[in-house]
Amino acid sequence: MSILGTRVLRTEDPGFLTTGGVYTDDVVDERLAGACHVFFVRSPIAHARIRSVDVSAARQAPGVVAAFTGSDLADLPLMAPPMPGVIDERMAQPLIARDVVRFVGEPVAVVITEDPYQGEDAAELVDADYDPLPPVVDLAEAADGAAGLLFPDAGTNVAASFGDAAGLKADLFDDCDVVVTRAIVNQRVAPAPMETRATAAVWGDDGRLTAWIPNQGAQGTRDALAALLGMDPAGVRIITPDVGGAFGAKFGADPEHAVVCWVARRLGRPARWAETRNENLVAMTHGRAQHQTVTIGGSRDGTVLAYRLEIRQDAGAYPRFGAFLPALTILMAPGPYAFSRAEAVGTTVVTNTTPVGAYRGAGRPEATAAVERAIDLFAAEIGMDPASVRRKNLLPKFTEPHTTAFGAVYDSGDYTVALDKALAAAGYPGLREDQMKRRAAGDTVQLGIGMSCYVEITGPGMEAGGPRENATVEVHPGGSATILTGTSPHGQGHATVWAMLASDELGIPVDKITVKWGDTDLIPEGGGTGGSRSLQQGGAAVQQASRELIDVARRRAAAELEASEADLVFDPGRSAFAVAGDPEASVPLAKLAEEERLVVRTVFVAPGPTFPFGAHVAVVDVDTETGKVVLRRVVTIDDAGTVINPLLAEGQRHGGIAQGAAQAFLEEFIYDADGNPLTASFADYPFLSATEVPSFELADMATPTSYNPLGAKGIGEAGTIGATPAVQNAIIDALAHLGVRHIDMPASPQRVWQALQQVSGAAAPGSAETRGA
Ligand code: MCN
C-alpha cells in the first residue's frame, strides 16, 4: 500500500526536539578554528552624505583585529539590482556605503574582533560624520521627485514601471451603475525569522571560499555571493546548516554576507558574523510595502463589469526583489474572478528605508488583498451579501488551462465549490444570525465575518522549456538510500516527504533514506525553496529519479536472474525483483548495488507553474469602545491538488494563516517622516504569538494538476494569501452597520477606534505616526 497521502511524522523532529538544530552560528568545524568576528557599524540616519568615517579609535579598542570602511572595499563591484532592463541599473548598492547613506541600518564600517562581544563596544568608537540630505519616505513624494532624489544620476526615484499606464481606458467604467474607488495600503512588514542572518567564511589554500550561510537555495546563494565578490562561482562552496525560518528573505546573498567573506580573505583567517535582532529588523529585507488604488464597477445585481488596480511599490533604498513585486501582483490582479474588463499598472519607487524583498507570497498576497477588499467595497455599496457577489463573479470550474487577460495560465480550478465548502464549514448562515442578534442588541463587542477567495501561482520559473529541478537517488548495498535534492527546506519537511516519495517507489523504509541538500560541491545545481515550488518540481524529480533507478536495476536484475526484463516484477513490499510466476527467483534492490553503484540523477521539467486556490472565512470580535480585535476563527479551504503528506501540508497552512492574519491586525514596520524606524525591536514590532490566534479549522479539497505525476500544487504560501484579506474584511464587516467601509492594515485598536470616531462624526485626534510604506 502506498504511503503517499499518509501522515508520516516528520523525520526531522527527533533531532530538533532533543539535541536541537545546528544553525550557522552553532557550526563547529576545524576549518573555522580561530575565526575572528565581524560587527557592522550602521547608519543612524536615513539619508546623508558621508563626510568621513574614522575607525582609528575603534582599532585601538580591546580585542579589535581590524576595522574597514567602504573605501577599503572599493575594488568590489556594486550590488546590481535584479532583472536588468526591468529595474534601473543605476540604483546599485555598495557593500558598505561610500559617499551617501540611504537608509537607517546601512553598513558604513565593520570592526573585526577576537571575541564576538567586543564588536559592539568597539563600534561605538567609530566616528562617522554625516551631512544630512532630505529624507524621501513618502511614496507619492518619492514618485514625483519633489522630496529629492536618492540617485541623482538616475534623475528619478522611479526604479521600474509595469503595465501600460498610457493605455488605461478612460471609458473602462462607463457602463457601470456603481463604481467604487479606494486607496489601500498593503503595509510594510518585517520577515522576522527566529534565526537572524549569519555567515561563517574561510578561504582555502587553493583560493576557494567556503561559506556557511542560512539560505533558501545554496546554489543561488553561491552565484549571488560570487557576483558580489567579483569572482567565478566555481571558486565558492556554500554549505547550508539548519535554517531557522526564512520566509522569502534568505534567498541569494546580502551585502553583509559578502563583506564577511571579504574580511576573511583580507585578514587571511576565518571570519564569522551573526546579526542582532535590532540589525535584523532594520537591515534584512522587508516585505509587501505596496500602496494600491482599486476601482471596481458593475451593476446592482452584483455583476462586476470592470476592475482596475494601480500600484505604487516601495522598493526601499536599493531595488532588490521587492522592486519586481508589482509584476507578480499585476499577473494575479483579477484573481479567481471572471471580470469582463480588468486593468493593472504599477510603478516602483526608491525611498530612504530598508530595501524590500520577497516575503511569503511575494506579490500574490498583495493582489488578493486588493481584489478581495474591492469586492467587499462593491458588495457594501450595492447592499448585497459579499458571498453572493463572489459567487456571481467567480470563474466557472475548468479542467483545461485557462488563460487570463494578464497572461497567467491557470492549470485547473473550481473556485465556487471552494467558497461554498469554506462557508459551509464555517456555518455561514448561523454566523450571520449571531451577527444580526448582536447588532440588534447594540452589543459593545460586535461580530465580524470576512471571507476571501484566491488563486495563486506556485512554482514559477523563467527557464526555457519550463521550470525544473534535479534529484539524485542512490541505493546502497546495505539496503539504505540517499537522495540529493536541489531544493532547500527550512521548516517545510522535505527530508520526510522526499523520503516518502522514494520509499514508495523503492520499497525502502523512510527511516533508511537520508536526504541531503545545501552543499554546492555535492549538489552544484538547484533552484532552492521559494515560490512554493519544491514538491511539484523537487519532489517530482525524486519520484522520477526513483522510477528511473528501478529501470536501471531491472536490467541488472535480469542479468542476475538470467530472465528477460519483461518477466521481472518489482515488489516494493520486499524491495526486490522477482520472476513472474517464480517468487523464489528474486533479487533485492540492495544486492544489485553491491558490484556497481546503483545511482540515478534526473531533471524533472514541468510544463509550467501551477495555480492553487482556496477560500478563507474569518470570524472576529471587535470591541467598539476600545477598538480591540480578537480573532475567533479562521476556516479555510486550501486546494493544493493531491496532498502527499497531510501533516506537513496542514502545518504549512497553520503557519501561513497565522502569518497572514498577523498582517491584517498586528504587524507593521513603521518609519517617522525622517526615515527613522519606530519598530526596530520586538518591544515595538508586534510579532504574532500563539496567544493572539485560535486553532485554525482546515477543510479539505483536492483538485489535482496534470502538470506533474504527483498531481500536486504548492501549499507553502496559501495561508498568507487567503488569511490576510479574510481577517481584514471580517474586522470591517463587524463595523459595517455603523457605516465603516474600510480600515487599513494592520487594524490596530487605534485605527479601528479612529474609524469608528469618523463614522460617528466625532473628530479623531491625529495620528502621530507617518506611514513609510
Ligand atoms: N506538500 C504536500 N502536498 C502538497 C503540497 C505540499 O504534502 N500538495 C508538502 C510538501 O511536501 C512540503 C510542504 O508541504 O513538505 C511545502 O511544500 P511546497 O508547497 O512545495 O512549498 P516549499 O517546500 O517550496 O516551501 C516554500 C514556502 C515559501 S515560498 C515560504 S516563503 C515559506 C514556506 O514555504 N517559508 C517558510 N513555509 C515556511 N515554513 C517555515 N517553517 N519556515 C519558512 O521560512
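Counting starts at 1 for both ligands and their atoms, following the listed order.
We find that Glu650 and Arg7 are joined by a salt bridge, their nearest charged nitrogen and carboxylate oxygen being less than 4.0 Å apart. The pair Arg601-Glu525 meets the salt-bridge criterion, with a side-chain N (NZ, NE, NH1 or NH2) lying under 4.0 Å from an Asp/Glu carboxylate O.
Legend: salt bridge (Lys or Arg N to Asp or Glu O under 4.0 Å) pairs involving residues 458-472, not counting sequence neighbours, sorted by first then second residue: Glu469-Arg533.
Distance alone, capped at 3.5 Å, is enough to place a donor-acceptor pair between the Arg653 side chain and the Thr636 backbone.
Looking at residues two or more places apart in sequence or on another chain, you find a ring-ring contact (aromatic ring centres under 6.0 Å, His included) between Phe611 and Tyr410. Considering only residues two or more places apart in sequence or on other chains, Pro214 meets the side chain to side chain contact (heavy atoms under 4.5 Å, CB included) condition with Thr24, Glu195, Ala198, Val243, Lys250.
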Which protein N or O atoms sit under 3.5 Å from any N or O of ligand 1? Give each pair with its distance.
unit_1	atom_1	unit_2	atom_2	d
ligand 1	3 (N)	Ile644	N	3.2
ligand 1	7 (O)	Ile644	N	3.3
ligand 1	7 (O)	Asn645	N	2.9
ligand 1	8 (N)	Ala640	O	3.1
ligand 1	8 (N)	Thr642	O	2.8
ligand 1	8 (N)	Lys713	O	3.3
ligand 1	15 (O)	Gln492	O	2.5
ligand 1	19 (O)	Ile715	N	2.6
ligand 1	19 (O)	Gly716	N	3.1
ligand 1	20 (O)	Ser534	N	3.4
ligand 1	20 (O)	Leu535	N	2.9
ligand 1	23 (O)	His494	NE2	2.7
ligand 1	23 (O)	Ser534	OG	3.4
ligand 1	24 (O)	Arg533	N	3.3
ligand 1	24 (O)	Ser534	N	3.0
ligand 1	24 (O)	Ser534	OG	2.7
ligand 1	25 (O)	Gln492	NE2	3.4
ligand 1	34 (O)	Gln492	NE2	3.1
ligand 1	34 (O)	Gln652	OE1	3.4
ligand 1	37 (N)	Arg360	NH2	3.2
ligand 1	37 (N)	Gln652	OE1	2.7
ligand 1	39 (N)	Gln652	NE2	3.4
ligand 1	42 (N)	His490	O	3.3
ligand 1	44 (O)	Ala246	N	2.7
ligand 1	44 (O)	Phe247	N	2.9

